[in-house]
Amino acid sequence: MQSTQYSSFWFKEALENEPDLRPRKLETDTTTDVCIVGGGFTGLWTAIQLKMKQPSLDILVIEKDLCGSGASGRNGGCMLTWSTKYLTLKKLYGEAEAIRLVKASEAAVYDIEAFCKAHGIEAQIRLDGTLYTASNRAQIGAMDPVLAALDKQSINAWQPWTKEKVQSESGSDVHLEGHFSSAAGTVQPGLLVRGLKRVAEEMGVTIFEHTPMTAIHRQQTPVRIATPGGNIRADKVVLALNAWMPSLFPEFKHSVVLVSSDMLITEPAPEHLKNQGLRDGKSVIDGRTFVHYYRTTPDGRLMLGKGGNYFSFGNKVSTVFDQPSRYQAILRAAFRRFFPAMQSVPLAMTWTGASDRSATGMPFFGRLADNPSVVYGLGYSGNGVVQSWMGGQILSSLVLEEDNDWAQSGLVSGPKGAFPPEPIRWLGAILVRNAIRRKESAEDENQTPSWLDTQLSRLAQSAGKADKS
């Protein structure tokens with residue numbers, strides 16, 4: 001049985017590498033030391049870290065569809081760090097922890113590459129860095145405060161590039177300023193998540209797909225998880241559900257807001273990319289609040305995405321997240337603006353991913369208040385490819401009750417901040433989103449946005465990939 005969902009390009013390509021795929025479903029009652037609910041990046045990294053620390057642990061992962069069919073297989077595959085969020089980290093967790101998290105996020109890029117090499121995961125990882133740009137005059141200089149703060153701590157991996165170099169390396173004359181960091185790259189996320197599943201199983205982790213959690217009896221000891229095929233009794237439980245968490249656990253319904261990130265990818269056009277100057281695997285991120293991001297693939301495709309489009313009412317994971325993008329007009333307009341010379345290149349497909357954005361723009365971890373044997377992590381806010389590796393470190397440390405930097409991290413403090421209840425949340429999100437669109441559209445035309453749009457846009461400052469002035 002294949003995935004019942006509309007796949008992203010990445011996930012479709014990854015499954016083509018598994019022609020003999022026969023997912024296992026749970027069909028009887030069972031017991032385990034640790035049950036992980038969710039077979040994406042966070043759940044699989046947690047399972048792997050647990051096995052590496054304690055090989056004797058009996059670990060079971062359940063996934064309602066196929067491992068990686070959610071956000072882990074639908075993102076842009078940009079391996080980004082928290083260096084550009086240093087000011088937010090410092091404000092939330094203090095200077096020392098902010099420095100540690102910046103360094104850890106940069107180290108994680110190389111740790112993921114090393115893990116894949118060691119375990120034969122062919123995930124098209126290209127550590128060619130990332131380029132953060134200003135794509136209109138209003139964005140110029142916006143990153144100066146965070147870069148100055150990184151400089152002060154001697155942890156600034158970013159290099160300013162000349163306008164000419166930025167335009168040459170990014171493949172687009174739209175970019176007017178840019179900073180480059182080598183501690184970043186791109187990956188085929190579908191191949192990565194399916195590779196993690198394989199390695200976890202080789203380590204002895206039991207994985208059941210097409211096995212949704214229908215109920216959790218969280219106050220029982222051991223915890224009992226119900227599925228259509230049988231009950232699971234587990235001493236420890238890890239909830240790695242991300243976008244699905246608010247609808248299943250009411251205590252988190254105000255902790256995140258679900259918003260789409262929409263993507264398109266072209267057919268292979270290596271000569272066009274070469275002519276544009278796109279010769280490697282770096283990612284390019286512009287300075288919007290809801291950013292444009294793009295990168296190439298080894299076979300000569302160009303993927304472009306745009307965050308902050310569809311906001312889900314009541315945090316329902318609706319069918320919008322399981323179909324071609326409904327914002328194709330916005331994607332195509334961005335594609336034309338950045339790459340006017342590539343309009344003849346046909347598009348292969350579009351898709352949509354659900355991003356669980358927290359009030360702070362940072363993920364959060366913790367234990368359920370009524371049962372500390374149940375741990376959770378969510379809220380990656382559209383920046384989780386690298387950060388989920390750290391999530392696995394945190395959750396495995398919590399499960400094993402280790403006293404280390406990960407278990408003591410400021411990230412392990414539950415949700416910080418909350419969104420208002422519906423319908424205020426949805427109405428407010430749409431109001432702010434539309435203000436941002438008008439503001440940034442005016443800035444693209446070198447016009448002054450309205451005062452009201454500027455003020456409303458400031459309400460979403462945490463949503464950007466970088467802290468800005």
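Computed from a predicted model, the values in this text were never measured in an experiment.
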(request) Check the pair F419, W426 against ring-ring contact (aromatic ring centres under 6.0 Å, His included), reporting the backbone distance first and the verdict last. (result) CA-CA 10 Å; F419 294 98; W426 185 83; over 10 Å; no

(request) Walk me through it: do R288 and D444 pass the test salt bridge (charged side-chain N to carboxylate O under 4.0 Å, His left out)? (result) CA-CA 10 Å; R288 278 168 158 69; D444 286 343; 2.2 Å; yes

(request) Mind running salt bridge (charged side-chain N to carboxylate O under 4.0 Å, His left out) on E422 and R425 for me, showing each step along the way? (result) CA-CA 5 Å; E422 298 292 15; R425 171 174 49 190; 3.1 Å; yes

(request) Start with the C-alpha gap between S325 and L331, add the side-chain angles, then the distance that decides, and say whether side chain to side chain contact (heavy atoms under 4.5 Å, CB included) holds. (result) CA-CA 9 Å; S325 172; L331 294 174; 3.9 Å; yes

(message) Apply side chain to side chain contact (heavy atoms under 4.5 Å, CB included) to residues I285 and Y294 and explain how you reach the verdict.
(response) CA-CA 7 Å; I285 319 292; Y294 61 86; over 6 Å; no

(message) For L304 and Y293: C-alpha separation, side-chain torsions, deciding distance, then whether side chain to side chain contact (heavy atoms under 4.5 Å, CB included) applies.
(response) CA-CA 6 Å; L304 180 144; Y293 53 93; over 6 Å; no

(request) Take F41 and W389 through the test ring-ring contact (aromatic ring centres under 6.0 Å, His included) and record every step on the way to the result. (result) CA-CA 7 Å; F41 284 150; W389 183 92; over 10 Å; no

(message) Pair T296, R126 - check side-chain hydrogen bond (donor to acceptor under 3.5 Å, both in side chains), show working.
(response) CA-CA 10 Å; T296 65; R126 294 185 290 169; 3.2 Å; yes

(request) For M245 and V256, run side chain to side chain contact (heavy atoms under 4.5 Å, CB included): C-alpha distance rounded to whole Å, both residues' side-chain angles, the deciding distance at 0.1 Å, then the answer. (result) CA-CA 9 Å; M245 192 78 169; V256 297; over 6 Å; no

(message) Could you walk me through whether R198 and E122 satisfy the salt bridge (charged side-chain N to carboxylate O under 4.0 Å, His left out) test, starting with their C-alpha distance in whole Å, then the side-chain angles of each, then the deciding distance to 0.1 Å, before giving a yes or no?
(response) CA-CA 12 Å; R198 171 183 62 78; E122 299 293 340; over 6 Å; no

(message) side-chain hydrogen bond (donor to acceptor under 3.5 Å, both in side chains) for S135 and Q139? Distances and angles first, verdict last.
(response) CA-CA 7 Å; S135 58; Q139 296 169 13; 3.3 Å; yes

(message) Under the criterion side-chain hydrogen bond (donor to acceptor under 3.5 Å, both in side chains), I'd like the reasoning laid out for T88 against D467: C-alpha separation, chi angles, the key distance, then a yes or no.
(response) CA-CA 7 Å; T88 294; D467 294 327; 2.7 Å; yes

(request) Begin from the C-alpha positions of W351 and S7 and carry the test side-chain hydrogen bond (donor to acceptor under 3.5 Å, both in side chains) through to its verdict. (result) CA-CA 8 Å; W351 67 93; S7 295; over 6 Å; no

(request) Apply salt bridge (charged side-chain N to carboxylate O under 4.0 Å, His left out) to the pair E18 and R194, showing each step before the final yes or no. (result) CA-CA 9 Å; E18 302 179 50; R194 296 303 294 180; 2.7 Å; yes

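Cation-pi check for K85 over W82 is not met; the charged atom does not lie both under 6.0 angstrom from the ring centroid and within 45 degrees of its normal. Annotation: cation-pi pair R100/W406 present, NZ/CZ under 6.0 Å from the ring centroid and within 45° of its normal.
The aromatic rings of F335 and F339 lie tilted to each other, with the angle between the two planes from 30° to 60°. The aromatic rings of H292 and F338 lie perpendicular to each other, with more than 60° between the two planes, well past the 30° mark.
Counting heavy atoms from C-beta on, the side chains of V166 and L131 come closer than 4.5 Å. Side-chain contact between V174 and N136 is absent, with no heavy-atom pair separated by less than 4.5 Å. Counting heavy atoms from C-beta outward, K282 and F180 have side chains that approach closer than 4.5 Å. Looking at heavy atoms from C-beta onward, L127 lies in side-chain contact with I125 at the 4.5 angstrom threshold. Residues Y380 and S355 are not in side-chain contact: their nearest non-hydrogen atoms beyond the backbone lie 4.5 Å or more apart. Side-chain contact between Y327 and Y310 is present, with heavy atoms from C-beta onward closer than 4.5 Å. Between R437 and N309, some side-chain heavy-atom pair lies under the 4.5 Å cut-off. Between Q153 and E95 there is a side-chain heavy-atom pair separated by less than 4.5 Å.
To the nearest 0.5 Å, atom CG of residue L347 and atom CG of residue L264 are 5.5 Å apart. Here the straight-line distance linking atom CD1 of I99 with atom NZ of K152 works out to 10.0 Å at 0.5 Å rounding. Note that the CG atom of L395 and the CD1 atom of I36 stand 8.5 Å from one another [nearest 0.5 Å].
Surrounding NZ of K12 are at most 12 heavy atoms belonging to other residues, nucleotides or ligands under 6.0 Å away. More than 12 heavy atoms of other residues, nucleotides or ligands sit less than 6.0 Å from atom CZ of R367.
In terms of modelled atom types and a separation under 3.5 Å, the side chain of Q167 and the main chain of H175 share a donor-acceptor contact.
For S170 and S172, the side-chain atoms include no donor-acceptor pair closer than 3.5 Å.
Ring-centre distance between W244 and F249: not below the 6.0 Å cut-off.
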Check: residues 454-461 side-chain donor-acceptor pairs under 3.5 Å, at least two apart:
from	atom 1	to	atom 2	distance (Å)
T454	OG1	S450	O	3.0
Q455	OE1	R458	NH1	3.3
S457	OG	D453	O	2.7

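Shown are D286, V284, T133; of these, the side chain to side chain contact (heavy atoms under 4.5 Å, CB included) with V291 is made only by D286.
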